[in-house]
Amino acid sequence: PPRYRTDEVDLTLTVHDLIDSRHGTWDVQKIRHLFVEEDATTILGMKLNLQREDTMVWAFSKNGMDQDAAGDSTSTWQKPCPSFVKCNIGSSWVDGNQNCGVAWLTRNHAGAALAHSRRSYSHVSSALEAELLGFYWASESVSTMRYEKMVFESTSYLAGEAILKPGNFPQWLSLIEAIREKLSLLRLWSISYVNRGANRCADAIALSVTRDQRYASYIATDCPGWLLPIVREDESGIFSAH
């Protein structure tokens, strides 16, 4: 997504809002006011398609206009805007006969871990259901922790599609509606699809459930001690394989 000039980000903004309806052209003044110069210039250089309707899509998703430009940026964890908190969601599913694990980790604009959680669920039929349960657990948790502006990240493209377009996933409708109800308690929120490299901390916590059979659920401040080196790598922007 384009970078804003300030940390006050409008997550409901659509392409339609950036068009001068009187002339059918970009609203140059508004775009240059909202976005940093480089991104504003990129937007103004794009050809408008006035016949195409806006749609709700993942940031950097298969339908997003920034897919190519985002290739490298979503392979490593990125810090959120100063007024936002980022919540990475992970899940680990083996099969329907074993408990699955879900986890979330919140971090601020400096990259510091604020809180994390791990939980297990039984009788989960698929990896998608596990990921949706991770979204439910995360949204329920953060909505009670006085967070107002949240960016959720996940490696599951389908989970994001399900939350944004619940009508396309009727078998999970009740769970999706429960997630959306929790999300509505936040002032602003967005969901982004990222590569595994950008989600490795949350995924590692979730994996500890299925790999080590850590079925006890909890919420705690900071991050697990064993995860601190990776969190610090993300914070510094220096990535190494683990």
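Looking at Asp27 and Leu18, their side chains never come closer than 4.5 Å, going by heavy atoms from C-beta outward. Considering only heavy atoms from C-beta on, Asp203 comes within 4.5 Å of Arg196 through its side chain. When side chains are defined from C-beta on, Leu114 does not count as touching Thr221, because their heavy atoms never get closer than 4.5 Å. Using a 4.5 Å heavy-atom threshold, the side chains of Ser141 and Ile219 count as touching. Between Asp212 and Leu207 there is no side-chain heavy-atom pair separated by less than 4.5 Å. For the pair Ser154/Val194, no side-chain contact is recorded, criterion being any heavy-atom separation below 4.5 Å from C-beta on. Using a 4.5 Å cut-off on side-chain heavy atoms (C-beta onward), Leu133 and Val124 make contact. A 4.5 Å side-chain heavy-atom check between His109 and Val85 finds every atom pair outside the cut-off.
Between the side chains of Ser91 and Glu131, at least one donor N or O sits under 3.5 Å from an acceptor N or O. For the residue pair Asp20/Trp26, the side-chain donor-acceptor check at 3.5 Å is not satisfied. For the residue pair Thr106/Tyr147, the side-chain donor-acceptor check at 3.5 Å is satisfied. With no hydrogens or angles considered, a side-chain donor-acceptor pair links Trp137 and Ser117 at under 3.5 Å.
Contact detail for Ala202 and Gly90: the closest heavy-atom pair is CB-N, 3.6 Å. Heavy atoms only, all atoms of each residue included: Trp93 and Cys100 are closest at CD1-CB, 3.9 Å. Taking all atoms of both residues into account, the shortest heavy-atom contact from Ala113 to Arg107 is CA-CG, 3.6 Å. In terms of heavy-atom proximity, Gly101 sits nearest to Ala206 at O-CB, 3.8 Å. Between Ile230 and Cys201, the shortest heavy-atom contact is CG2-SG, 3.7 Å. The two residues Val142 and Phe152 come nearest to each other via the heavy atoms CG2-CZ, 3.9 Å.
Side chain of Asn195 to backbone of Ala198: no donor-acceptor contact under 3.5 angstrom is found. Looking only at distances, no side-chain donor or acceptor of Glu181 sits under 3.5 Å from a matching main-chain atom of Glu177. In this structure, Arg180 contributes its side chain and Ile163 its backbone to a donor-acceptor pair below 3.5 Å. Listed for the His116 side chain is a donor-acceptor partner under 3.5 Å among the backbone atoms of Asp222.
Within the cation-pi definition used here (under 6.0 Å to the ring centroid, within 45° of the axis), Lys182 does not qualify as a partner of Trp189.
In summary, Glu233 and Arg200 engage in a salt bridge, as defined by a charged side-chain N under 4.0 Å from a carboxylate O.
Note that CG of Leu183 and OG of Ser139 are 5.0 Å apart. Values are rounded to the nearest 0.5 Å. Annotation: the span from Ser92 atom OG to Arg118 atom CZ amounts to 12.0 Å, rounded to 0.5 Å. Atom-to-atom distance recorded for Met150:CE and Leu185:CG is 12.0 Å, nearest 0.5 angstrom. Within the model, atoms CZ of Arg232 and SG of Cys223 stand 8.0 Å from one another, a figure rounded to the nearest 0.5 Å. Rounding to the nearest 0.5 angstrom, the gap separating the CD1 atom in Ile31 from the OG1 atom in Thr42 is 11.0 Å. The CH2 atom of Trp104 lies 12.5 Å from the CZ atom of Arg119; values are rounded to the nearest 0.5 Å.
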*Step by step, would you call Phe35 with Ile43 a side-chain contact (heavy atoms from CB on, under 4.5 Å)?*
CA-CA 9 Å; Phe35 307 118; Ile43 293 171; 3.7 Å; yes

*Kindly determine whether Lys86 and Lys79 satisfy side-chain contact (heavy atoms from CB on, under 4.5 Å), including the steps that lead there.*
CA-CA 8 Å; Lys86 178 170 286 188; Lys79 297 174 183 177; over 6 Å; no

*With side-chain hydrogen bond (donor to acceptor under 3.5 Å, both in side chains) as the test, would you mind laying out the steps for Gln98 and Thr210 before giving the verdict?*
CA-CA 8 Å; Gln98 301 183 52; Thr210 55; over 6 Å; no

*Give the C-alpha distance, both sets of side-chain angles, the deciding distance and a yes or no for side-chain contact (heavy atoms from CB on, under 4.5 Å) between Phe135 and Val102.*
CA-CA 9 Å; Phe135 267 100; Val102 303; over 6 Å; no

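Linking Ile, Leu, Val, Met, Phe, Trp and Tyr residues whenever their side-chain heavy atoms come within less than 4.5 Å leaves Leu132 and Val94 in two separate clusters. Ile205 and Val209 fall into different hydrophobic clusters, defined by Ile, Leu, Val, Met, Phe, Trp and Tyr side-chain heavy atoms under 4.5 Å apart, directly or through other members. Cluster annotation: Leu44 and Met46 are assigned to the same hydrophobic cluster (Ile/Leu/Val/Met/Phe/Trp/Tyr, side-chain heavy-atom contacts under 4.5 Å, transitive). Tyr215 and Tyr136 fall into different hydrophobic clusters, where Ile, Leu, Val, Met, Phe, Trp and Tyr side chains are chained together by heavy-atom contacts under 4.5 Å.
Tyr157 and Tyr193 have perpendicular rings, their planes meeting at more than 60° on a 0 to 90° scale where under 30° would count as parallel.
Under the side-chain hydrogen bond (donor to acceptor under 3.5 Å, both in side chains) rule, Asn88 has a single partner from Asn199, Asp234, Thr155, which is Asn199.
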